[in-house]
2 protein chains.
Amino acid sequence: MYSECVSTSERLIESTRELLWERGYVGTSPKAILERAGAGQGSMYHHFKGKPDLALTAIRRTAEELRATAEAVLAGPGTPYERIEAYLLRERDVLRGCPVGRLTMDPDVIASPELRAPVDETIAAVRERIAGVVEEGKRLGQFAPELDGAEIAAAVLATVQGGYVLARAAGSPAAFDAGVRGLLALLSPRTPGVSDQPA
Amino acid sequence: MYSECVSTSERLIESTRELLWERGYVGTSPKAILERAGAGQGSMYHHFKGKPDLALTAIRRTAEELRATAEAVLAGPGTPYERIEAYLLRERDVLRGCPVGRLTMDPDVIASPELRAPVDETIAAVRERIAGVVEEGKRLGQFAPELDGAEIAAAVLATVQGGYVLARAAGSPAAFDAGVRGLLALLSPRTPGVSDQPA
DNA sequence: GTCTATACCCAGATAGAC
DNA sequence: GTCTATCTGGGTATAGAC
């Protein structure tokens, strides 16, 4: 219920973001959005051309937010391994899943190039960012030189996205954590030159 | 269009399986099922109590099939690493995603213990099966003894499920393949006692 | 068993009053 | 800008004829 904040159009966007996260695109009706935003039909069609237009605005904002969050962790302090570790271990509302990744299971989103674009671009950007960190780690001797940065990045991102699937299937975040620990164990720097176990 | 095969109830189930895979539970209407099955309203409500009942039957069958497919590969010939490799590299219609995993993004499936149960059980079973293979590999010295079978299994399954997400976001199977190759590189047997590069 | 008819509410959008 | 009709079609289910 965003009834008490800022402009009507803002409340519509934020309500849509929530509902897209909770129920996806096909599962979200204009009516549900309006109820949550505390607005009437007219407001929505005044500010937006329709459901796809409003959803596009909401998706773009969510995508941008996710990108910024990932960037903050991946550009943070620490060795490459530590930054990837921080990305994987970052606090998440695991059972809610990824607000961007879940859209890939939405037939109407995938069918619309416009709606899919922000999803695609965001995931690609994060992937490239992680790949860069891995390459950096290779130069520092923290990762084996035969590893491919882009492939490891894909595995890291996939573990996160797939972790959500396992967790939601089981109704518990435990499976997500297990997958992350498994990947970190495999990724753990072998060259004892740079330790990931300080103190 | 299952109009030409077996019984009406069978056509209803198969049509539902297809639509659940393509569009998920909230995106699948009884009407669409009936059209694809070439049946009328009456047939559906004669054989099933309603949409949830029919969906449950369809989900159970899909789940059982997936379990059998995974079992066939994981119980196949080869070393533990080779069997996990075979599982990861097995032919998949990547852009269609996982017919079981996709259901975890469906709010109505997650909200219904009955519908979620087969999804949960199937994923848990495959996970345990993979964990067993990893433990076997540890005993053979193919995997490092400090690895946790259950965690590696979660990472393997998550890489597959997440790989679908990356691929669908990009509109190309390449990202799935990259993630799998990345994981296999990390998983690659280090102890040269057992080689994964024959010939 | 299968069909059509009917019901009722919701999805998505438009029109026009305030 | 926002509201309340109003509209057309679809989602989901029931009733009852064949």
Side-chain angles (χ1 to χ4, degrees), chain A residues 1-59 103 105-112 114-115, chain B residues 1-59 103 105-112 114-115:
Chain A
M1 289 293 176
Y2 276 86
S3 328
E4 66 292 319
C5 86
V6 290
S7 66
T8 299
S9 105
E10 198 59 26
R11 292 190 331 256
L12 286 168
I13 296 170
E14 289 301 314
S15 299
T16 304
R17 296 215 301 149
E18 290 181 358
L19 282 163
L20 286 179
W21 196 353
E22 292 167 19
R23 305 195 40 87
Y25 183 83
V26 298
T28 297
S29 69
K31 186 179 189 183
I33 294 171
L34 297 172
E35 268 168 17
R36 191 170 294 213
Q41 291 269 89
S43 298
M44 170 173 156
Y45 286 98
H46 173 75
H47 292 288
F48 303 95
K49 283 196 283 288
K51 175 181 167 180
D53 184 35
L54 173 51
L56 181 58
T57 305
I59 290 173
L103 296 172
M105 293 303 142
D106 231 301
D108 292 7
V109 171
I110 293 304
S112 156
E114 259 205 311
L115 291 178
Chain B
M1 290 297 175
Y2 277 87
S3 329
E4 66 292 322
C5 85
V6 291
S7 67
T8 299
S9 106
E10 198 59 25
R11 293 190 331 255
L12 286 168
I13 296 171
E14 288 302 315
S15 299
T16 304
R17 295 215 303 149
E18 289 181 357
L19 282 163
L20 285 179
W21 196 353
E22 291 168 19
R23 307 196 37 88
Y25 183 84
V26 299
T28 297
S29 69
K31 185 178 192 185
I33 294 170
L34 297 172
E35 268 168 21
R36 191 170 291 214
Q41 291 271 90
S43 298
M44 169 172 157
Y45 287 98
H46 172 75
H47 292 287
F48 302 95
K49 283 195 284 288
K51 175 180 167 179
D53 184 35
L54 172 51
L56 180 58
T57 305
I59 291 173
L103 297 172
M105 294 301 142
D106 231 301
D108 292 8
V109 171
I110 294 303
S112 155
E114 259 205 314
L115 291 178

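Throughout, a chain's letter reflects where its sequence line sits, starting with A, and its residues are numbered from 1. Predicted model only: the values in this text are computed from it and were never measured.
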Enquirer: Report the distance from atom CD1 of I13(A) to atom CD1 of I59(A), rounding to the nearest 0.5 Å.
Expert: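 Answer rounded to 0.5 Å: 12.5 Å.
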Enquirer: Quick check for you: among dT2(C), dA13(D), dC3(D), whose closest atom lies nearest to any side-chain atom of T8(B)?
Expert: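 Closest nucleotide among those given: dT2(C).
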Enquirer: Answer with base, sugar-phosphate or nothing: what part of the nucleic acid does T28(B) contact at a heavy-atom distance below 4.0 Å?
Expert: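 Answer is sugar-phosphate: T28(B) comes under 4.0 Å of backbone atoms only.
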Enquirer: Figure out the CD/C1' separation between E10(A) and dG1(D), and round it to whole Å.
Expert: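 For the pair E10(A) CD and dG1(D) C1', the rounded distance is 16 Å.
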Enquirer: For dC3(D), does either OP1 or OP2 sit under 4.0 Å from a side-chain N or O belonging to H46(A)?
Expert: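 For dC3(D), neither OP1 nor OP2 has a side-chain N or O of H46(A) closer than 4.0 Å.
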Enquirer: Which sits closer to the 5' end of DNA chain C, A32(A) or G42(A), going by the nucleotide each is nearest to?
Expert: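 Its nearest nucleotide being more 5', the pick is A32(A).
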Enquirer: Between the side chain of T16(B) and the main-chain N/O of A58(B), is any donor-acceptor distance below 3.5 Å?
Expert: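 No: the side chain of T16(B) does not pair with the backbone of A58(B).
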Enquirer: Kindly point out which of dA11(C), dT2(C), dT12(D) is positioned nearest to the side chain of S43(B)?
Expert: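 For the S43(B) side chain, the nearest candidate turns out to be dT2(C).
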Enquirer: Between dC3(D), dG11(D), dG12(C), which one does the side chain of Q41(A) approach most closely?
Expert: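 The listed nucleotide nearest to Q41(A)'s side chain is dG12(C).
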Enquirer: In whole Å, I'd like the distance from the CG atom of D53(B) to the C1' atom of dT12(D).
Expert: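 D53(B) atom CG is separated from dT12(D) atom C1' by 14 Å.
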Enquirer: Using whole Å, what does the distance between atom C1' of nucleotide dG1(C) and atom CZ of F48(B) come to?
Expert: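 My rounded result for the distance is 13 Å.
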Enquirer: Mark yes or no for whether R23(A), through its side chain, and T28(A), through its backbone, hold a donor-acceptor pair below 3.5 Å.
Expert: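 Side chain of R23(A) to backbone of T28(A), a donor-acceptor pair under 3.5 Å: no, none is there.
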Enquirer: Taking 4.0 Å as the cut-off, does a side-chain nitrogen or oxygen of K31(B) come that near to OP1 or OP2 on dG11(D)?
Expert: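 No, because none of the side-chain N or O atoms of K31(B) sits under 4.0 Å from OP1 or OP2 of dG11(D).
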Enquirer: Find the distance L54(B):CG to dG11(D):P and express it as a whole number of Å.
Expert: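 Those two atoms, CG and P, are 15 Å apart.
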Enquirer: Would you mind reading off the distance between R23(A) atom CZ and dA11(C) atom C1', rounded to a whole angstrom?
Expert: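 It is 13 Å, rounded to the nearest whole Å.
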Enquirer: Where the side chain of Y45(B) is concerned, which of dT12(D), dT2(C), dG12(C) is the nearest nucleotide?
Expert: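 Of the candidates, dT12(D) comes closest.
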Enquirer: Which nucleotide in the list dA11(C), dT2(C), dA13(D) gets nearest to the side chain of P52(B)?
Expert: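 Side chain of P52(B) sits closest to dA13(D).
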Enquirer: Over all heavy atoms of both residues, which pair between R36(A) and E18(A) is shortest? Give the atoms and the distance, please.
Expert: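 That would be NH1-OE1, 2.7 Å.
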Enquirer: What integer distance in Å separates L12(A):CG from dG12(C):C1'?
Expert: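 Interatomic distance, CG of L12(A) to C1' of dG12(C): 15 Å.
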Enquirer: How many whole angstroms separate atom CG of L34(A) from atom C1' of dC10(C)?
Expert: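 After rounding, the gap between these two atoms is 13 Å.
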Enquirer: Roughly how many Å is it from CZ in R11(A) to C1' in dG1(D), rounded to a whole number?
Expert: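 Atom-to-atom, R11(A) to dG1(D), this comes out as 11 Å.
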Enquirer: Do the side chain of S112(B) and the main chain of D108(B) share a donor and acceptor less than 3.5 angstrom apart?
Expert: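 A pair under 3.5 Å: no.
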